[in-house]
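Below you'll find the structure, written out as structure tokens, and then a few comments.
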Amino acid sequence: MIYKVNPHVQWEHVADKENDDVLVYNEESEDVIVVNHTAFKVLERISQNLDVTDIIKQLCKEYNIGRDVVEKDVDDIISQFKESALIIE
């Protein structure tokens, strides 16, 4: 499945020595959500119009982690993004 980033969503990195979080702002709801580096990688790849299967494959390779773990994490992240209206189908 291919999702799209809500066109009303913007983000900004707030990286420092202690974290690499990203602030994600939904202009419509005026919600600000802080996501970790991995969740942002998912959002970033969604913005590149990648299929969820391709996102999972890339993250497995990048982090050298088994598909089962990555697939569950990506599914959880996408569910949270959908609930927060950061992405749309």
Review item, side-chain donor-acceptor pairs of residues 51-70, under 3.5 Å, at least two apart:
residue : atom : partner : partner atom : Å
Asp51   : OD1  : Thr53   : N            : 2.6
Asp51   : OD1  : Thr53   : OG1          : 3.1
Asp51   : OD2  : Met1    : N            : 3.1
Gln58   : OE1  : Arg45   : NE           : 2.5
Glu62   : OE1  : Arg45   : NH2          : 2.8
Glu62   : OE2  : Lys41   : NZ           : 2.0

Got a sec, which residues hit side-chain hydrogen bond (donor to acceptor under 3.5 Å, both in side chains) with [X], two or more places apart in sequence or on another chain?
| X | result |
| --- | --- |
| Asn49 | Lys4 |
| Ser29 | Asp31 |
| Gln10 | Glu27 |

- Query: Hey, what do you get for CD1 (Ile78) to CG (Leu43), rounding to the nearest 0.5 Å?
  - Reply: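 Here the interatomic distance stands at 10.0 Å.
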- Item | Results of side-chain contact (heavy atoms from CB on, under 4.5 Å) for Asn36 - residues two or more places apart only |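 Applying side-chain contact (heavy atoms from CB on, under 4.5 Å) to Asn36 gives Asp21, Thr38, Ala39.
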- Item | Path from Val32 to Val14 over hydrophobic side-chain contacts below 4.5 Å | yes
- same_hphob_cluster(Ile46, Tyr25) at 4.5 Å side-chain heavy-atom cutoff: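 Each belongs to a different hydrophobic cluster.
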Only pairs under 3.5 Å count here: list side-chain donor-acceptor contacts from residues 81-89, not counting sequence neighbours, and write none if there are none.
residue : atom : partner : partner atom : Å
Lys82   : NZ   : Glu89   : OE2          : 3.4
Ser84   : OG   : Gln80   : O            : 3.1

- Item | Minimum heavy-atom distance His8-Asn6, with the two atoms named | N-OD1, 2.8 Å
- Message: For Tyr3, give me all partners under ring-ring contact (aromatic ring centres under 6.0 Å, His included), at least two apart in sequence or on another chain.
- Response: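 Checked Tyr3 against ring-ring contact (aromatic ring centres under 6.0 Å, His included); zero matches.
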- Query: Any chance CD of Glu12 has more than 12 other-residue heavy atoms, nucleotides or ligands included, within less than 6.0 Å?
  - Reply: no
- Message: Taking ring pair (Phe, Tyr, Trp, His ring centres under 6.0 Å) as the cut-off, I'd like each qualifying pair that reaches into residues 29-48, sequence neighbours left out, listed once.
- Response: Trp11-Phe40, His13-Phe40
